[in-house]
Amino acid sequence: AQSVTQLGSHVSVSEGALVLLRCNYSSSVPPYLFWYVQYPNQGLQLLLKYTSAATLVKGINGFEAEFKKSETSFHLTKPSAHMSDAAEYFCAVSLTGANNLFFGTGTRLTVIP
Amino acid sequence: GAVVSQHPSWVICKSGTSVKIECRSLDFQATTMFWYRQFPKQSLMLMATSNEGSKATYEQGVEKDKFLINHASLTLSTLTVTSAHPEDSSFYICSARERDRVDPQHFGDGTRLSIL
């Protein structure tokens with residue numbers, strides 16, 4: 001079985017500050033891990049994905065995430081928050097790489113000017 | 001590339017009517033399409049997985065007769081909410097996976113369904 005836990009349903013940061021969104025996974029086999037962003041009334045946009053290659057994954061819009069097997073974590077970071085980063089962020093896990101995505105409950109990021 | 005178009009984006013209708021939502025892959029062939037439901041401020045719940053030319057596989061607890069899914073071509077899947085009632089009001093999102101590629105799912109922009 002596999003699942004993801006996102007710690008913190010709401011995160012607020014000041015513009016220019018570090019963004020850290022936490023995700024811990026549970027999987028019986030090496031997983032595929034994803035971060036998606038959702039803007040209001042829109043679908044999900046892929047930020048980045050981990051597929052057992054490099055443990056530090058760089059995505060779009062300056063985001064990156066590091067796969068840490070020992071901590072079963074895949075936290076999302078961005079050095080400097082922009083107002084446009086305000087959105088809902090979902091971590092997801094899959095055993096097969098594309099099918100059967102299991103989503104976390106999401107973290108709403110607020111950026112304070 | 002990898003654009004998924006979902007239509008309509010918003011629909012309001014009376015209780016008892018049926019509503020069809022379309023999901024199209026615009027620039028790739030999608031062997032597999034997924035339908036999700038999202039309640040306000042909650043995560044996505046997978047409803048069903050459909051493969052082109054075959055019957056959809058529904059997740060446990062999802063009524064097959066209520067949510068009819070058709071995936072007749074490599075670029076189009078439809079979800080029909082039959083005899084919709086207010087409790088069916090939700091945000092429905094489709095996604096598609098490209099043929100022959102280990103590639104993430106590409107999501108549509110969703111359809112907000114409101115049943116009066």
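None of the values given here were measured: they were computed from a predicted structure. Here is the naming used below: chain letters follow the sequence lines, and residue numbers restart at 1 for every chain.
- For B/Gln6, no part sits under 4.5 Å from any heavy atom of chain A, backbone or side chain.
- Within the 4.5 angstrom heavy-atom criterion, no atom of A/Tyr39 approaches chain B.
- Only the side chain of A/Gln38 comes within less than 4.5 Å of a heavy atom in chain B; its backbone stays farther off.
- Residues B/Met47 and B/Leu44 do not share a hydrophobic cluster, defined by chaining ILVMFWY side chains whose heavy atoms lie under 4.5 Å apart.
- Hydrophobic clustering (ILVMFWY, side-chain heavy atoms < 4.5 Å, transitive): B/Tyr36 and A/Leu44 are in one cluster.
- Side-chain heavy atoms closer than 4.5 Å link hydrophobic residues (I, L, V, M, F, W, Y) into clusters, and following such links, even through other members, never connects B/Met45 to A/Val93.
- Hydrophobic clustering places A/Trp35 together with A/Val13 (ILVMFWY residues linked when any side-chain heavy atoms are closer than 4.5 Å, directly or through intermediates).
- Between atom CG of residue B/Leu46 and atom CZ of residue A/Phe103 there is a gap of 9.0 Å, rounded to the nearest 0.5 Å.
- Listed here is the closest heavy atom pair of B/Gln42 and A/Phe90: O-CZ, 4.0 Å.
- Contacts of A/Leu46 with chain B are made by side-chain atoms alone, with heavy-atom separations under 4.5 Å and no backbone atom involved.
- Looking at every heavy atom in both residues, B/Ser43 comes nearest to A/Thr105 through CB-CA, 3.8 Å.
- For B/Arg112, there are no salt bridge (charged side-chain N to carboxylate O under 4.0 Å, His left out) partners two or more places apart in sequence or in a different chain.
- Within residues 60-81 of chain B, no residue has a heavy atom under 4.5 Å from a heavy atom of chain A.
- The hydrophobic clustering, which links ILVMFWY residues whose side-chain heavy atoms are closer than 4.5 Å, places A/Ile60 and A/Leu109 together.
- Residue B/Gln105 holds its CD atom at 4.0 Å from CG of A/Leu101, rounded to the nearest 0.5 Å.
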